[in-house]
Amino acid sequence: MALSLGLSTVQRLAANVLDMSLSRSLCALTISTRKDISTSSAAAIAVSHPLCAEPLKKKKRIDPAVVRAREERRRRKLEKAIRRLEKSSRQLKPLAEMELPREVRAELSERRRPARPLTTEEANERFDLMKEWTRHRREQHVADVAVLRRIQESRAKALRELRAESFQLYCAAIEEDPDLVPWAHSGPTLTPPIDGYDAPDGDYVDTTRRWE
Amino acid sequence: MRLTWCSRRLLLGGFQFSCRTLSQAARAEPAPPAGQAGPWHLYTAVCLQRLPVVAPPLSDTERRFAALLRQLEFERSLKSSHEIRHEMDIATAEALRASEGDDPDLAEAASLQTAADFEDACAEELAGFEPAPTITEADRAGDQRSLQRRLSSRLVLVVQQRLGAGTSWMLPQGRHQDGATLRQTAEQTLQAMVGPNVNAQFLGNAPWGFYKYKYPKPLQQESGAVGGKVFFYKAVLRGGSVEPVADRVADHRWLTAAELGGQLRSRYRRAVHRLLIDHD
């Protein structure tokens with residue numbers, strides 16, 4: 001470029017020496033590549049920021065086997081760490097509510113009840129009662145299923161008849177009812193509520209455990 | 001429609017009660033052939049229920065099994081702090097008696113409230129509370145118009161409805177008019193029969209039962225319809241008061257499923273009974 005602009009020999013020499021790819025000094029001398037035409041070619045030479053470091057070293061070639069070995073070692077280390085963490089997550093954590101309190105565990109021997117062995121009659125009675133109970137529960141279940149099936153059939157019949165009578169009313173009938181869900185009901189209690197009952201005041205102690 | 005929680009609650013041994021399956025099945029089936037020739041008047045009837053207030057008493061098997069479970073739990077348990085304290089109190093009293101009142105520490109320990117004293121105080125406090133009786137005045141009097149009767153059963157409202165010249169015992173029933181859905185008709189019917197202050201929650205938009213009846217001949221000619229088709233809707237009484245409207249309803253009763261037989265006609269009673277839960 002300097003040649004094309006017809007500059008002097010000295011200036012041409014300077015351009016060859018100051019190669020943009022190599023710099024062996026603290027600062028790099030650059031030559032602008034923009035094709036301006038200027039009367040003083042000194043405008044094309046600029047100085048960069050001080051680099052304050054060693055010039056970059058030449059990159060050495062590493063043996064690919066060594067590279068692979070290093071990768072392998074890194075992967076095995078990570079997998080081992082993952083396995084260790086997973087083992088910890090698989091272990092069941094202790095629940096404070098399910099364990100005996102510390103004070104009780106300390107005096108466990110005093111708290112045990114004397115073992116009273118069952119007589120044969122008592123054992124047989126218990127066995128018979130449990131059998132009776134399973135039979136009773138099964139009968140209840142069968143009765144419940146029969147009741148629900150009967151109700152379902154009654155409803156299916158009602159919908160069939162409605163469909164035969166008026167398709168428009170039928171479509172309105174099978175619409176969702178958004179007020180039905182969620183359904184809330186306070187179930188039956190052991191004794192009925194007392195009218196105008198004034199509950200006595202009591203202490204309320206909040207024993208919620210907090211971890212902060 | 002996602003009624004999955006509802007299906008789960010009513011899931012008994014693989015028996016699904018999902019409205020989605022019902023509606024899909026009903027849509028998929030071809031419409032059954034039309035009944036008698038001639039138009040039918042459509043009616044909606046409301047099965048208003050008061051749910052049980054109190055749990056039914058335990059049966060003999062249930063009582064004995066509950067006692068067995070309590071016994072097993074006691075045998076497998078450790079002693080509580082209250083029991084330990086009681087044993088220590090007994091030991092202290094024994095020691096005091098053995099030392100004949102010489103030891104001041106023992107005397108002091110024995111003068112504090114013992115576990116037995118604490119138990120007695122608690123029992124006294126409990127005895128001071130009087131729970132409401134499960135068998136009420138209305139039960140003893142047999143007052144079938146009262147809602148306080150048979151607290152462990154479901155009660156269904158039955159009215160003596162005025163029809164033309166006479167009256168008939170039935171569930172509150174009203175004629176369906178064009179322009180409203182069946183559920184809206186049911187809600188309006190209930191309010192017309194028992195007043196606007198009743199707080200009833202209707203269970204869905206679909207009817208739960210069906211009943212068909214033919215008009216007598218003169219009425220058929222007069223009205224131009226063969227008879228009436230009644231669609232039953234279920235509702236649960238949430239509160240408010242039932243005030244029967246005099247010009248529509250002569251009388252009303254709250255009956256259990258078993259007592260309905262005495263009040264309603266046989267074919268109608270069968271249709272109503274099919275949609276009720278009756279094991280209590």
Side-chain angles (χ1 to χ4, degrees), chain A residues 100 103-104 107-108 110-113 115-116 125-126 129-130 132-133 135-136 140-141 143-145 147-170 172-177 179-183 185 187-195 197, chain B residues 1 3 5-6 10 12-13 15 17 19 22-23 25-27 29 31-35 40 42 51-55 59 61-62 64-65 68 75 77-79 84 131-134 136 151-152 181-183 201-210 212 229 231-232 271 274-279:
Chain A
L100 287 174
E103 301 83 21
V104 172
E107 28 182 82
L108 207 52
E110 287 108 51
R111 294 217 180 214
R112 285 217 175 84
R113 293 187 196 282
R116 194 180 65 86
E125 257 179 51
R126 287 188 178 185
L129 182 52
M130 288 197 222
E132 204 182 319
W133 173 252
R135 263 178 237 128
H136 169 81
Q140 273 190 344
H141 172 80
D144 285 343
V145 167
V147 163
L148 288 174
R149 181 166 281 140
R150 172 178 35 87
I151 294 174
Q152 191 194 30
E153 278 169 11
S154 164
R155 185 178 208 176
K157 178 172 184 213
L159 283 173
R160 271 199 305 271
E161 295 287 344
L162 182 59
R163 191 169 192 272
E165 189 60 37
S166 154
F167 190 70
Q168 194 186 14
L169 287 177
Y170 169 80
I174 59 174
E175 285 285 315
E176 279 180 41
D177 182 10
D179 300 329
L180 198 56
V181 177
W183 170 272
H185 179 65
T189 48
L190 277 179
T191 56
I194 301 171
D195 272 333
Y197 180 66
Chain B
M1 121 171 107
L3 277 184
W5 73 270
C6 180
L10 296 171
L12 289 167
F15 178 83
F17 196 89
C19 286
L22 264 176
S23 60
R27 247 195 267 259
E29 279 177 31
W40 294 80
L42 294 185
L51 296 181
V53 176
V54 149
S59 70
T61 315
E62 285 168 348
R64 282 187 293 130
F65 190 69
L68 172 62
E75 283 170 7
S77 66
L78 295 173
K79 291 182 188 170
I84 298 284
T134 49
T136 57
L151 293 175
S152 57
T181 64
L182 280 184
R183 160 130 176 209
Q201 180 166 19
F202 276 77
L203 303 182
N205 289 323
W208 289 86
F210 176 77
K212 191 167 73 178
K229 286 187 172 175
F231 293 94
F232 294 95
R274 229 175 277 135
L275 57 91
L276 288 180
I277 292 178
D278 68 344
H279 54 55

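The chains referred to below are lettered A, B, ... by the order of the sequence lines, with proteins before strands, and numbering in each begins at 1. No experiment lies behind these values; they were computed from the predicted model shown. Atom set for the values below is all heavy atoms of this structure, side chains included, hydrogens, waters and symmetry mates excluded.
Contacts between B:Phe65 and chain A at a heavy-atom distance below 4.5 Å involve backbone atoms as well as side-chain atoms. For A:Ala143, no part sits under 4.5 Å from any heavy atom of chain B, backbone or side chain. Using a 4.5 Å cut-off between heavy atoms, A:Leu169 contacts chain B through its side chain alone, with no backbone atom that close. In this structure, the portions of B:Ser77 lying under 4.5 Å from any heavy atom of chain A include both its backbone and its side chain. A:Gln168 does not touch chain B: none of its heavy atoms, backbone or side chain, sits under 4.5 Å away. The contact between B:Leu151 and chain A is made entirely by side chain atoms (from C-beta outward), counting heavy-atom distances below 4.5 Å. Heavy atoms of A:Gln140 lying under 4.5 Å from chain B belong exclusively to its side chain. For chain A, the nearby part of B:Ile84 is the side chain; its heavy atoms alone come within less than 4.5 Å. For B:Glu62, the parts sitting under 4.5 Å from any heavy atom of chain A are the backbone and the side chain alike.
Although no hydrogens or angles enter the test, the distance criterion places no donor-acceptor pair under 3.5 Å between the side chain of B:Arg274 and the main chain of A:Arg155. Without hydrogens or angle criteria, A:Thr191 side chain to B:Ala132 main chain gives no donor-acceptor distance under 3.5 Å.
Put simply, of A:Leu129, A:Ile194, A:Val147, the one with the most heavy-atom pairs under 4.5 Å next to chain B is A:Leu129. Between chain B and the residues A:Ala172, A:Pro193, A:Gly187, A:Ala158, the largest count of heavy-atom pairs under 4.5 Å involves A:Ala158. The most heavy-atom pairs under 4.5 Å with chain B, out of A:Glu107, A:His185, A:Arg116, come from A:His185.
Side-chain contact between A:Leu180 and B:Leu203: present, with at least one pair of heavy atoms (C-beta onward) separated by less than 4.5 Å. Using a 4.5 Å cut-off on side-chain heavy atoms (C-beta onward), B:Phe202 and A:Asp179 make no contact. A 4.5 Å side-chain heavy-atom check between B:Gln201 and A:Trp183 finds at least one atom pair inside the cut-off. Looking at B:Arg183 and A:Asp177, their side chains come closer than 4.5 Å, going by heavy atoms from C-beta outward. A:Glu161 places none of its side-chain heavy atoms less than 4.5 Å from the side chain of B:Pro207.
Heavy-atom minimum distance, A:Pro188 versus B:Ala55: CB-N, 3.7 Å. Across B:Asp278 and A:Arg150, no two heavy atoms sit closer than the pair OD1-NH2, 3.3 Å.
Between A:Glu132 and B:Arg64 there is a salt bridge, with a side-chain nitrogen of the basic residue lying less than 4.0 Å from a carboxylate oxygen of the acidic one.
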- Task: Give the intermediate values and the outcome of side chain to side chain contact (heavy atoms under 4.5 Å, CB included) for residues B:Leu68 and A:Met130.
- Result: CA-CA 9 Å; B:Leu68 172 62; A:Met130 288 197 222; 4.1 Å; yes
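Between the CG atom of A:Leu108 and the CG atom of B:Leu78 there is a distance of 5.5 Å, given to the nearest 0.5 Å.
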